[in-house]
Number of protein chains: 4
Amino acid sequence: MRADAQRNRARVLEAAEEVLARDGLAASMRAVAELAGVGVGTIYRQFPTKEALYQAIVADRTRRLAERAAELAEGGDPGRALFTFFAMIVEHATTKKVFVDALSAAGVDPKAGSPDLRGPIETLLVRAQRAGAVRPDVGMPELLALLSAACLAAQQQGWDPGLRDRALAVVFDGLRTQP
Amino acid sequence: MRADAQRNRARVLEAAEEVLARDGLAASMRAVAELAGVGVGTIYRQFPTKEALYQAIVADRTRRLAERAAELAEGGDPGRALFTFFAMIVEHATTKKVFVDALSAAGVDPKAGSPDLRGPIETLLVRAQRAGAVRPDVGMPELLALLSAACLAAQQQGWDPGLRDRALAVVFDGLRTQP
Amino acid sequence: MRADAQRNRARVLEAAEEVLARDGLAASMRAVAELAGVGVGTIYRQFPTKEALYQAIVADRTRRLAERAAELAEGGDPGRALFTFFAMIVEHATTKKVFVDALSAAGVDPKAGSPDLRGPIETLLVRAQRAGAVRPDVGMPELLALLSAACLAAQQQGWDPGLRDRALAVVFDGLRTQP
Amino acid sequence: MRADAQRNRARVLEAAEEVLARDGLAASMRAVAELAGVGVGTIYRQFPTKEALYQAIVADRTRRLAERAAELAEGGDPGRALFTFFAMIVEHATTKKVFVDALSAAGVDPKAGSPDLRGPIETLLVRAQRAGAVRPDVGMPELLALLSAACLAAQQQGWDPGLRDRALAVVFDGLRTQP
DNA sequence: GATGAATGAGAGTTCATTCAT
DNA sequence: GATGAATGAACTCTCATTCAT
C-alpha cells in the first residue's frame with residue numbers, strides 16, 4: 001500500500017472513531033470524511049461499506065486491547081491482572097464514548113466478546129482462578145456479559161472515574177472467592 | 001381528550017414499542033402508523049416529534065415499573081425485594097429488546113435512571129440495607145449504574161435466562177453484606 | 001386515489017416522458033421531479049423505483065396505441081390499416097424521441113413487442129394477409145422486428161417525415177404480396 | 001508513440017469493446033482498465049474522455065468495415081455484394097451487442113452513418129443500381145436509415161440468425177427492382 | 001509513461017414532518 | 001380529528017476525472 005494511502009487510512013479510522021463517538025450510529029460517512037479531511041470516495045476506497053468501516057474500527061481496537069491483555073497475563077498478581085484489565089477496558093469504553101453501541105448495534109459483538117479478545121481474557125480468568133483469587137464457579141460467559149454490561153453503561157452514561165470504581169468494586173467483590 | 005383519541009394514543013404507544021423492539025433505532029414513523037392502524041398524521045397529533053413518542057414510551061414503562069417497585073417495597077424480605085426488582089427489570093429489558101438503546105441513544109436516560117424510578121428504587125435499597133441484607137456502603141449511583149449496565153447488555157446481547165441468573169448472581173453477591 | 005394524487009401522477013408521467021426524451025437513459029429522478037413541479041418523494045410514492053416509473057410509461061403508451069390499433073382493425077382497407085398503424089407507431093417514436101431506447105435498455109421490450117400490443121398487431125396482420133395485401137409467408141416475429149427496428153432508428157436518429165416515408169415505402173413494398 | 005504505448009492503446013480498445021458489450025452504457029472506465037490490465041490513468045493518457053474512447057471504438061470498427069466494403073465492391077455480383085454487406089454489418093451488430101446503443105446514445109452516429117462508411121456503401125449502392133439489381137429510386141438516406149434500424153434492433157433485441165434472415169429478406173425484397 | 005489513490009458532484013432512495021383533503 | 005400525499009434534506013454509494021507517486 002502506498003504511503004499516502006496508509007496515512008489516509010489511519011486518518012479515516014481516527015476520524016470515524018471520533019464521529020461515531022459524537023453522533024452514534026447515525027454518524028454519516030460525509031461527517032467522517034470531513035473530519036478526516038478527505039473526500040467520501042477515499043473512505044470507500046478502503047472500506048467498501050459503512051459497516052465495513054465500523055468493523056475495521058472494532059478490529060483495530062480489539063487488536064490493541066488484546067496486546068495489553070497478553071502483557072498483563074505474563075507477570076504479577078493473577079487476580080490483580082484480571083481486575084486491572086477489566087477496569088482498563090471499561091475506562092476505554094468511557095473515553096471512546098458511544099462507540100460500543102454503534103458497533104454492537106451494527107451487528108458486531110461489543111469488544112469484549114470479539115473473537116480476538118476471548119482468548120486473552122480466558123487466560124486471565126483461568127490464571128486468576130488457579131491462584132484462588134476468583135471463584136471457580138464463574139465462567140467465561142458471565143464474565144464477558146458483565147464486562148460488556150459495564151462497557152455499555154460506562155460509555156452510554158459517561159461514568160466518571162469515581163462511579164466507575166464504586167460500580168466495579170461491587171462486581172469484583174462478587175467475582176472474588178467468597179470466604 | 002375524546003374517547004377515540006385516547007384509544008388511538010394507546011394503540012400508537014403499543015405499536016411503537018413493538019416496532020422499536022423489532023427495528024431498533026431505525027424504526028420509522030410510517031411503520032409505527034401502519035402497525036397501529038392509523039395515519040402518520042394521527043401520531044403527530046399526539047406526539048409532536050419522533051423523540052416525543054419515544055419519551056412517552058419511556059414514561060409509560062417507567063410508571064408501570066414504579067408501581068411494581070412500590071408493591072415490592074410493602075412487604076416480605078427486604079433484601080429479596082431489592083434483588084427481585086433488579087432481576088425483574090433486567091428481564092424486562094431482555095424481552096422488550098433493542099428498546100433501551102433506541103431510547104437512550106435518542107437522548108433519553110435508560111429507564112433505571114429515569115426520575116420516577118429513582119424514588120421507588122431508593123426505598124428498596126434503604127430497606128434492604130437497614131435489614132442488613134445489603135452492604136451499607138453501597139449508594140444509589142452505583143446501584144443504578146449496575147442496573148443500567150445489566151439492562152443494556154441484556155437487551156443488546158439477548159441474555160438468555162441462564163446467563164442472566166449467573167451474571168446477576170455475581171452482582172448480587174457483590175452487593176450483599178460481606179461476612 | 002385522491003384527486004391531487006391522480007393529478008400529480010399524470011404530471012409525473014408526462015414530465016418523465018419529456019425528460020427521458022431529452023436525457024435518455026441517464027435521466028435523473030430529480031430532473032423529472034423538477035419538471036413535474038413536485039418533490040422527488042412524490043414520484044417515489046407512486047413509483048417505487050426508477051424502473052417502475054419507466055415501465056409505467058411504457059404501459060401507458062402501449063395502452064393508448066392498442067386502442068388505436070383496435071379502431072383501425074374494425075373497418076376499411078385491411079392492407080392500408082396495417083401500414084397505417086405501422087407508420088403511426090413509427091411517427092410516434094420520432095415524436096417522443098429517445099424514449100424507446102431508454103425503455104428497452106431498461107429491460108422493457110420496445111413498445112412493439114410489449115404484450116398488450118401483440119394481439120392488436122396480429123389481428124391487423126392476419127386481416128391484411130387474408131385480404132391478399134400482405135405476403136402470406138411473413139410472420140409476426142419478423143413484422144415486430146421490423147417495426148421495432150424502425151422505431152428505434154426513427155427516434156434515435158430523428159427521422160424527418162420525408163425520410164420516414166421513403167424508408168417505410170421500402171419495407172412496405174417488401175411486405176406486399178409480390179406479383 | 002512508444003511501442004508499449006501503442007500496445008496499450010490496442011489493449012484498451014479491445015477491452016472497451018468487450019466491456020461495452022457486457023455492461024452497455026453503464027460501463028465504467030475502471031472496468032475497462034481492469035480488463036485491459038492497465039491503470040485508469042493509462043486510458044486517460046490516450047483518450048481524454050470517456051466519450052473520446054467510445055468514438056475511437058467507432059472509428060476503429062468503421063475502418064475495418066470500410067475495408068470489407070471496398071473488397072466486396074471490387075468483384076462479383078453487384079446486387080449480391082450490397083446485400084451481403086448489409087447482412088454482414090447487421091450480424092456484426094448482433095455479435096457486438098449493446099455496443100451500438102452505447103455509442104449512439106453517447107452522441108455518436110451509429111456506425112452505418114459514420115462518415116468513413118458512407119463512401120463505400122454509396123459505391124455498393126450505385127453499382128447495384130447500375131446493374132439493375134436495386135430500384136433506381138432508392139437513395140442513400142433511406143438505405144442508411146434501414147441499415148441503422150436493422151443494426152439497432154438486431155443488437156438491442158438479440159436477433160437470432162433465423163429472424164435476421166427473415167427480416168432482412170423483407171427489406172431486400174423492398175429494395176429490389178420491382179418487376 | 002504508467003499507476004491507482006483521491007476527489008466530489010451526483011445518482012437513487014428514505015423518512016421525519018407538514019398540511020390539504 | 002383523522003388521513004396519507006407531498007416535501008426535500010440527508011443518506012449511502014458510484015464513477016469520470018485529476019494528479020502525486
Side-chain angles (χ1 to χ4, degrees), chain A residues 1-9 12 26-34 36-53, chain B residues 1-5 8 26-34 36-53, chain C residues 1-9 12 26-34 36-53, chain D residues 1-5 8 26-34 36-53:
Chain A
M1 190 186 296
R2 258 163 52 177
D4 55 346
Q6 213 154 9
R7 191 174 56 249
N8 272 335
R9 188 189 161 93
V12 165
S28 83
M29 293 300 260
R30 182 168 289 218
V32 174
E34 264 162 26
V38 302
V40 282
T42 303
I43 303 183
Y44 279 94
R45 165 158 284 271
Q46 305 262 3
F47 309 98
T49 281
K50 197 188 188 185
E51 201 184 316
L53 172 60
Chain B
M1 191 184 297
R2 266 162 47 173
D4 56 346
N8 273 337
S28 80
M29 294 299 263
R30 175 178 249 243
V32 173
E34 264 163 24
V38 301
V40 281
T42 305
I43 303 183
Y44 278 92
R45 168 150 289 271
Q46 304 268 0
F47 309 99
T49 285
K50 198 188 188 186
E51 199 183 317
L53 172 59
Chain C
M1 192 185 292
R2 258 164 52 177
D4 55 347
Q6 214 154 6
R7 192 173 56 248
N8 272 335
R9 188 190 161 92
V12 165
S28 85
M29 294 299 262
R30 227 196 272 317
V32 173
E34 264 161 27
V38 303
V40 282
T42 304
I43 303 183
Y44 278 94
R45 165 157 286 269
Q46 305 262 3
F47 309 99
T49 283
K50 198 190 188 185
E51 200 184 316
L53 173 59
Chain D
M1 192 184 293
R2 266 162 47 173
D4 56 345
N8 272 340
S28 80
M29 295 298 263
R30 174 178 250 244
V32 174
E34 265 164 25
V38 302
V40 281
T42 305
I43 302 183
Y44 277 92
R45 168 150 289 269
Q46 305 266 1
F47 309 99
T49 284
K50 198 188 186 185
E51 199 184 316
L53 172 60

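In what follows, chains are A, B, ... by sequence order, proteins preceding strands, each numbered from 1.
A straight line from CD1 of D:Ile43 to C1' of F:dC15 spans 13 Å, rounded to a whole angstrom. Rounded to whole angstrom, the span from the CG atom of C:Leu53 across to the P atom of E:dA11 amounts to 15 Å. Atom CG in D:Asp4 sits about 9 Å away from atom C1' in E:dA2, given to the nearest Å. In this structure, D:Arg30 places its CZ atom 11 Å from P of F:dA16, rounding to the nearest Å. Rounding to whole angstrom units, CE of residue A:Met29 and P of E:dG12 are separated by 21 Å. The CD atom of C:Glu34 sits 17 Å away from the P atom of F:dA6 (whole-angstrom rounding).
In this structure a side-chain-to-backbone donor-acceptor pair under 3.5 Å is present from C:Gln46 to C:Ala5. Distance alone, capped at 3.5 Å, is enough to place a donor-acceptor pair between the D:Ser28 side chain and the D:Ala31 backbone.
Contact annotation for D:Ala27: backbone-only contact, meaning every heavy-atom pair under 4.0 Å involves sugar-phosphate atoms and none involves a base.
A salt bridge between B:Glu34 and B:Arg30 is present, with a side-chain N of the basic residue lying under 4.0 Å from a carboxylate O of the acidic one.
For F:dG1, the OP1/OP2 oxygens have no side-chain nitrogen or oxygen of B:Asn8 closer than 4.0 Å. Regarding contacts with the backbone of E:dT3, a side-chain N or O of D:Thr42 is found under 4.0 angstrom from either OP1 or OP2.
Nucleotide F:dA20 has E:dT3 as its partner under the Watson-Crick or G-U criteria, with both atom distances under 3.5 Å.
C:Gly39 and C:Ala33 make their closest contact through C-CB, 4.0 Å (heavy atoms, listed as atom of the first residue, atom of the second, distance).
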Begin from the C-alpha positions of A:Met29 and A:Leu53 and carry the test side-chain contact (heavy atoms from CB on, under 4.5 Å) through to its verdict.
CA-CA 10 Å; A:Met29 293 300 260; A:Leu53 172 60; 4.1 Å; yes

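Each of A:Gln6 and B:Gly41 has a nearest nucleotide on DNA chain E; the 5'-most of these lies closest to A:Gln6. Comparing B:Val40 and D:Pro48, the nucleotide of DNA chain F nearest to each residue sits closer to the 5' end for B:Val40. With DNA chain E read from its 5' end, the first of the two nearest nucleotides for C:Ser28 and D:Gly37 is the one closest to D:Gly37. Comparing A:Lys50 and B:Arg45 along DNA chain F, the residue whose closest nucleotide (by nearest heavy atom) sits nearer the 5' end is B:Arg45.
With E:dT13, E:dT17, F:dG4 as the candidates, the nucleotide lying closest to the side chain of B:Tyr44 is E:dT17.
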